Amino acid sequence: MATVSAPKQVSVKEDAEALRKACQGWGTDEKAIIAVLGRRNAAQRRQIRHVYEEIYQEDLIKRLESELSGHFEKAVYRWILDPPDRDAVLANVELKKSGNKHHVIVEISCTKNPEELLAIRRAYHARYKRSLEEEVAYHTKGDTRRLLVALVSAFRYYGEEINTTLAKSEAKKLHEAIKDKKFGNEDVIRILSTRSIAQLQATFNCYREQEGTSITKNLPKDSSDEYIAMLRMAVRCLKDPKKYFEKVLRRSIEGIGTDEDALTRVIVTRAEKDLKEIKELYHKRNNVPLDKAVDKETSGDYKDMLLTLLGNEV
C-alpha cells in the first residue's frame with residue numbers, strides 16, 4: 001500500500017497558484033511546496049504542471065529547479081515527474097556514472113510490471129533520443145550486458161498461471177548452473193528474463209524444496225564480480241521486491257554517512273506503491289520505525305519532504 005494519501009478532490013488551479021506564490025519574493029517557501037506536492041498523486045501532479053504552465057507560461061519543473069537546491073531539490077524534482085519519466089531519468093543518471101553499479105537498471109527491470117517497463121522505455125526514448133536497451137548495452141560488457149539487456153527488454157506474462165513441471169525443471173537447471181559455477185549460463189539468463197513473476201516464484205520455491213535452501217543463499221555474497229552481483233540483485237528483486245527495498249533503505253541509513261541517492265530513490269519510487277509494507281518490514285527487521293530513522297539521519301526541508309512522502313504530517 002501507498003504511504004501518500006492524496007485527497008480525491010483538489011483544485012489544481014489553487015495548487016498552481018500556491019506554488020507560484022511559494023517561488024516569488026526574496027525567499028522560497030519550501031514548506032508550502034512540500035504541503036502541495038507531497039500530498040498529491042501522480043495524476044494530480046501532472047495536472048498541476050499543465051495548469052501552472054498554462055497560467056504562468058513557464059515550466060514548473062524548471063522553476064523549482066532554479067529555486068531549490070541540494071538533496072531537497074533532487075527529491076522534489078524526482079517526485080514531480082511522471083513515474084515512467086522519473087525512472088528514465090534515474091536510469092540515465094546511473095548509466096552516465098563511472099563504475100560498474102547498475103542497481104537502478106535491475107530495479108526497473110525486475111520490479112515493474114510489463115506495461116510499466118514498456119512506458120519507461122518509451123519515456124527514455126522520448127527524452128534522450130536513444131533506446132534504453134542500446135544505452136545499457138553501450139555501458140556494459142560481457143555477461144553483465146547479456147543479463148541487463150535481456151532484463152530491460154523483457155515483456156513478461158503478468159498473470160498468475162504457473163506450470164509446476166516447468167518450475168521443477170528450471171529449478172534444477174538453476175541449481176546445476178550455480179553448483180558448477182556457470183553463472184553466465186544461457187539458461188540462467190533466459191529463465192530470469194523471460195518467465196513471469198508467478199512462474200519464477202514457483203521456480204524459486206521448487207529450488208528451496210529440492211536443495212533445502214533458497215537460491216539467494218547459494219549465490220556468492222559480496223562478490224567483486226560485477227555480473228554475479230547483478231545476478232544476485234536481480235534474483236532478490238524478482239523473488240521479494242519489498243524485502244529487497246527494505247535492505248536498500250537499511251544500507252542507505254546504517255553506518256557512517258547517509259546514502260541520500262538510494263534513500264531518496266526508494267522513498268520516491270515506492271511511495272505510491274508499497275512503501276507502507278516496506279516501512280512495516282523495516283520496523284520489524286530493525287526494531288526502529290523508518291520514519292524515526294529518516295528523521296535522525298536527514299535534516300531541513302529534505303527531511304520534511306521524505307517524512308511527508310512516508311505519510312507524516314510535518
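Please read these numbers as outputs of a predicted model, since none were measured by experiment. Scope of the values below: all heavy atoms of this structure, side chains included, with no hydrogens, waters or symmetry mates.
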Pairwise side-chain contact, [X] with [Y], heavy-atom cut-off 4.5 Å (strictly under):
| X | Y | result |
| --- | --- | --- |
| Val188 | Lys182 | no |
| Met305 | Trp79 | yes |
| Asp295 | Asp291 | no |
| Glu246 | Arg285 | yes |
| Cys206 | Glu170 | no |
| Val152 | Ile120 | no |
| Arg39 | Val4 | no |
| Thr216 | Phe204 | no |

Start with the C-alpha distance between Glu272 and Arg45, add both sets of side-chain angles, then the distance that settles salt bridge (Lys or Arg N to Asp or Glu O under 4.0 Å), and finish with yes or no. CA-CA 13 Å; Glu272 294 182 273; Arg45 298 194 302 274; 3.0 Å; yes
What pair of heavy atoms forms the shortest contact from [X] to [Y], and how long is it?
| X | Y | value |
| --- | --- | --- |
| Asn218 | Tyr207 | ND2-OH, 2.8 Å |
| Arg190 | Asp187 | NH2-OD1, 3.2 Å |
| Leu219 | Arg232 | O-NH1, 3.3 Å |
| Ala177 | Asn185 | CB-CB, 4.0 Å |
| Val76 | Leu64 | CG1-CD1, 4.1 Å |
| Glu186 | Arg146 | CA-NH2, 3.8 Å |

Under the side-chain hydrogen bond (donor to acceptor under 3.5 Å, both in side chains) test against Tyr124, which residue among Asn92, Asp87, Asp85 passes?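 The option that passes is Asn92.
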Tell me, with the steps shown, if Leu151 and Cys110 meet side-chain contact (heavy atoms from CB on, under 4.5 Å). CA-CA 7 Å; Leu151 289 173; Cys110 299; 4.0 Å; yes
Kindly determine whether Leu290 and Leu310 satisfy side-chain contact (heavy atoms from CB on, under 4.5 Å), including the steps that lead there. CA-CA 9 Å; Leu290 178 59; Leu310 284 166; 3.7 Å; yes
For a salt bridge (Lys or Arg N to Asp or Glu O under 4.0 Å) check, start with the C-alpha distance between Arg63 and Glu67, then their side-chain angles and the critical distance, and finish with the verdict. CA-CA 6 Å; Arg63 181 60 186 263; Glu67 295 287 336; 3.1 Å; yes
Kindly work out whether a path of hydrophobic side-chain contacts (I/L/V/M/F/W/Y, heavy atoms less than 4.5 Å apart) joins Tyr128 to Tyr138.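 The answer is no; the residues belong to distinct hydrophobic clusters.
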Verdict with reasoning, Leu200 to Arg156, per side-chain contact (heavy atoms from CB on, under 4.5 Å): CA-CA 11 Å; Leu200 284 171; Arg156 304 173 191 273; 3.6 Å; yes
Results of side-chain hydrogen bond (donor to acceptor under 3.5 Å, both in side chains) for Glu160 - residues two or more places apart only: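 In terms of side-chain hydrogen bond (donor to acceptor under 3.5 Å, both in side chains), with neighbours along the sequence ignored, Glu160 is linked to no residue.
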Which word best sums up how the rings of Tyr302 and His71 line up, parallel for under 30°, tilted for 30 to 60°, or perpendicular for over 60°?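 Ring orientation, 0 to 90° scale: tilted.
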[X] side-chain N/O to [Y] backbone N/O, donor-acceptor pair under 3.5 Å:
| X | Y | value |
| --- | --- | --- |
| Lys129 | Ala126 | yes |
| Arg86 | Arg78 | yes |
| Glu94 | Val104 | yes |

Could you walk me through whether Arg49 and Asp59 pass the salt bridge (Lys or Arg N to Asp or Glu O under 4.0 Å) check? CA-CA 7 Å; Arg49 294 199 314 269; Asp59 188 307; over 6 Å; no
